[in-house]
Amino acid sequence: MDKKAAADLLAILTAQNQVLDSIIELQKLVRQAVTEKNWVDLETSLFKLNELTDSFTQMEAKREELCCQICGVSGSQQVPGMHQVSTMLPDEVRPMVREVLHQVRRKLSASKVENDALNDYIRITKDFLQEVFDSVIPKNRNTVYSSSGSVVKPVPENLLINTVL
């Protein structure tokens, strides 16, 4: 078993853990910018968030490479799971890798919750605005059917409102 590969795996997981801390903070800033309608901060936060997710993706590819190397798996085979990898690590590194892996998984779950909260906010706001527009904009008198024969609800192509919502 290559001790350098085990040390590299621990370093990659630690770096992913740190990047996830930054991603979660930026996700909170994105949600705050959306709710406060601060579009400049939103754009800045999204740009930084994209950079961090790109670096996380690169680290993930390197982690998968190291996992294959530790387990002796060739590139054409499926990447081994972290449980299988951790059983092949030296005893002195195994507890540290498992602890950092646990932190990474916990932070990935927290990131997913933050994404879901933002998506729910956007969906609810969109549905509310669609209801407002449906009640304000005059509707077509003609019934419109889709190619499958079902009734299609008319949706405005675009709308210009001369006020701030």
d(Gln69 CD, Lys4 NZ) to nearest 0.5 Å is 8.5 Å
Check your understanding: Do Leu9 and Met96 share a hydrophobic cluster (ILVMFWY, side-chain heavy atoms under 4.5 Å, transitive)?
Key -> yes
Counting only heavy atoms not in Phe47, do more than 12 sit closer than 6.0 Å to its CZ atom?
no
Verdict with reasoning, Leu29 to Gln32, per side chain to side chain contact (heavy atoms under 4.5 Å, CB included): CA-CA 5 Å; Leu29 291 175; Gln32 181 181 358; 3.9 Å; yes
Value for CG (Asp21) from OG (Ser111), rounded to nearest 0.5 Å, stands at 11.0 Å
When every non-hydrogen atom of Cys67 is compared with those of Pro80, the smallest separation belongs to O-CG, 3.6 Å
Residues at least two apart in sequence or cross-chain that pass salt bridge (charged side-chain N to carboxylate O under 4.0 Å, His left out) with Asp41, listed by chain then number, are none
Rounded to the nearest 0.5 angstrom, the NZ-CD distance for Lys126 and Glu131 is 11.0 Å
- Query: Are Val40 and Leu26 connected in a single hydrophobic cluster, I mean Ile/Leu/Val/Met/Phe/Trp/Tyr linked by side-chain heavy atoms less than 4.5 Å apart?
  - Reply: no
- So Ser55 and Val19, side chain to side chain contact (heavy atoms under 4.5 Å, CB included) or not? Walk me through it. CA-CA 8 Å; Ser55 69; Val19 168; 4.1 Å; yes
Practice task
Please check if the side chain of Arg31 supplies one atom and the backbone of Leu118 the other of a donor-acceptor pair under 3.5 Å.
Solution key: no
Transitive ILVMFWY side-chain link Val85 to Met88, under 4.5 Å: yes
The salt bridge (charged side-chain N to carboxylate O under 4.0 Å, His left out) partners of Glu60 (sequence neighbours excluded) come to Arg63
With Leu13 as partner, the option from Arg98, Met59, Met82, Glu99 fulfilling side-chain contact (heavy atoms from CB on, under 4.5 Å) is Met82
d(Leu10 CG, Leu66 CG) to nearest 0.5 Å is 11.0 Å
- List the steps, then state whether side chain to side chain contact (heavy atoms under 4.5 Å, CB included) holds for Gln16 with Lys107. CA-CA 10 Å; Gln16 284 183 323; Lys107 289 176 184 175; over 6 Å; no
Practice problem: State yes or no: do Val79 and Val97 share one hydrophobic cluster built from I, L, V, M, F, W and Y residues joined by side-chain heavy-atom distances below 4.5 Å, directly or via other members? | Solution: no
Rounded to the nearest 0.5 Å, the CD atom of Gln18 sits from the CG atom of Leu52 at a distance of 12.0 Å
Give the intermediate values and the outcome of side chain to side chain contact (heavy atoms under 4.5 Å, CB included) for residues Val30 and Leu46.
-> CA-CA 7 Å; Val30 165; Leu46 288 175; 3.9 Å; yes
Rounded to the nearest 0.5 Å, the CD1 atom of Ile23 sits from the CD atom of Glu51 at a distance of 11.5 Å
Contacts of Lys62 meeting salt bridge (charged side-chain N to carboxylate O under 4.0 Å, His left out) (sequence neighbours excluded), chain-then-number -> Glu65
